[in-house]
Amino acid sequence: MPSDNSSFVLKAPAKINWFLIVNGLRGDGYHEIISLMQTVSLYDEIRFEESEDIEIITDTDIPLKDNLIYKTVDLLKRSFGHIKSQGVRITLKKDIPIAAGLGGGSSDAATTIMGLNRLWGLNLSPEDMMNTGASIGSDVPFFLGSPAAIVKGRGEDVNPVKLRHSYPLLLVKPPIRVKTAWAYSEFDKISRGRKEGHDPDYPSLFVKLLNDRAGSDLHDYARNDLEGIVIKRFPEIGEIKEMLKKLGAFFTIMSGSGPTVIGIFDSIEKTSQAMKAFPEDYWCRMALTVVREP
């Protein structure tokens, strides 16, 4: 990476949810979750350059006011009086699909915080960046930390964990979009009156199974509380899971609110072969889970 802070590129990684537990609605309107998140080797690229104005260059169809990068720039401009006159040109090259359950928008926002901290010389502490990220979106704080963490609350409570092994995986997204708000709304309808809770040892046990490479056991602990709801509306997601199993994946799960499905394999060769089996209109990408800081 160039040392010149007037122009540089940062990578914004995608994430997967190894599991997702939803424990109901909070008083602030968000849902209480517990999830093991991990970044993977799939990235958006964001170029930061000095400019007199605020310029966001992207080929996405997201309105500027809804773009998390723009919201991040606007928040930092309003938060720090001494940078009112400073601008930035941000060029986003998307590789992470939109509305896929892979956290692309949140990762872009987190990377924008880091990029502007560098470009504008804000000298923000890790805690400052975390607090800023939490005010932008639930998953943003995760992307400001280590590559793997148990995430709690609405996403602001990030607890790093050490995962020792990198796993090859196939990400498969059918040509549909799942709105996160809809998935959680449907969860509320079916969970009304249901006793909340989970085994408190579940997160640490899941981490241990990953670190022990206990693939066959890992399958028995797969849990995403939104998966059944989304599959009921979009059965092709369930079909992808079954197809990945037949192709040799030892673990499959929908990431976040979907619709991307993760298939974990025991070799890159098997992952590559499996990718060839899906229709051309499906987005498919091989990746590796990230176990060390970039």
Under 4.5 Å between any side-chain heavy atoms of Glu236 and Tyr282, yes or no? yes
Side chain to side chain contact (heavy atoms under 4.5 Å, CB included) against Glu127, all qualifying residues, sequence neighbours excluded: Ser125, Asn131
Going by side chain to side chain contact (heavy atoms under 4.5 Å, CB included), name the residues that satisfy it together with Glu186, two or more places apart in sequence or in a different chain. Trp182, Lys189, Ile229
Check the hydrophobic clustering (I, L, V, M, F, W, Y; side-chain heavy atoms under 4.5 Å; chains of links allowed) and say if Val291 and Val158 are grouped together. no
With sequence neighbours left out, which residue pairs that include part of residues 15-24 fulfil the salt bridge (Lys or Arg N to Asp or Glu O under 4.0 Å) condition? none
Once side chain to side chain contact (heavy atoms under 4.5 Å, CB included) is applied, do any residues pair with Arg213, and if so which ones, sequence neighbours excluded? His165, Tyr167
Hey, are the side chains of Pro13 and Val290 touching, using non-hydrogen atoms and a 4.5 Å cut-off? no
Would Lys270 count as a cation-pi partner of Phe265, with NZ or CZ less than 6.0 Å from the six-membered ring centre and within 45° of the ring normal? no
Set out, in order, the CA-CA distance, both residues' side-chain angles and the distance that settles side chain to side chain contact (heavy atoms under 4.5 Å, CB included) for Val207 and Trp18, then state yes or no. CA-CA 10 Å; Val207 169; Trp18 282 103; over 6 Å; no
Counting only heavy atoms not in Arg233, do more than 12 sit closer than 6.0 Å to its CZ atom? no
Parallel, tilted or perpendicular for His31 and Tyr184, by the 30°/60° rule? tilted
How would you list all residue pairs meeting salt bridge (Lys or Arg N to Asp or Glu O under 4.0 Å) that involve residues 133-152, not counting sequence neighbours? none
Other hydrophobic cluster members with Tyr30, side-chain heavy atoms of Ile/Leu/Val/Met/Phe/Trp/Tyr under 4.5 Å, chained? none
For a side chain to side chain donor-acceptor pair (under 3.5 Å) with Ser35, tell me which candidate from Asp225, Asn224, Asn17 qualifies. Asn17
Taking side chain to side chain donor-acceptor pair (under 3.5 Å) as the cut-off, I'd like each qualifying pair that reaches into residues 89-108, sequence neighbours left out, listed once. Asp44-Lys94, Glu55-Arg89, Lys94-Asp108, Asp95-Arg285
Passes side chain to side chain contact (heavy atoms under 4.5 Å, CB included), Leu36 versus Leu210? Steps please. CA-CA 11 Å; Leu36 172 58; Leu210 279 173; 3.7 Å; yes
Decide yes or no on side chain to side chain contact (heavy atoms under 4.5 Å, CB included) for Val140 and Ile113, but give the supporting numbers first. CA-CA 10 Å; Val140 178; Ile113 294 172; 4.3 Å; yes
Out of Phe206, Phe251, Tyr221, which one pairs with Phe19 under the ring pair (Phe, Tyr, Trp, His ring centres under 6.0 Å) rule? Phe206
If the condition is side chain to side chain donor-acceptor pair (under 3.5 Å), which residues does Thr72 pass it with, not counting sequence neighbours? none
Euclidean distance, Met254 CE relative to Ile231 CD1, rounded to 0.5 Å: 7.0 Å
Can you name the closest pair of heavy atoms from Pro259 and Pro174 and give their distance? O-CD, 3.6 Å
I'd like to check the salt bridge (charged side-chain N to carboxylate O under 4.0 Å, His left out) partners of Glu242; sequence neighbours left out, ordered by chain and number. Lys245
Cation over ring face, Arg118 and Phe8, 6.0 Å, 45°: yes
May I ask you to test the Leu144-Pro126 pair for a side-chain heavy-atom distance under 4.5 Å? no
For Ser166, side chain to side chain donor-acceptor pair (under 3.5 Å) partners two or more places apart: none
If you link I, L, V, M, F, W and Y whenever their side-chain heavy atoms are under 4.5 Å apart, who else ends up in the same group as Ile62? Ile98
Taking every heavy atom of Met37 against every heavy atom of Val151, the minimum-distance pair comes out as SD-CG2, 3.9 Å
Linking I/L/V/M/F/W/Y whenever any side-chain heavy atoms sit under 4.5 Å apart, do Ile253 and Leu205 land together? yes
Rounded to the nearest 0.5 Å, what separates atom CG in Leu122 from atom CG in Asp128? 9.5 Å
Can you sort out the partners of Ala99 under side chain to side chain contact (heavy atoms under 4.5 Å, CB included), two or more places apart, ordered by chain and number? Arg177
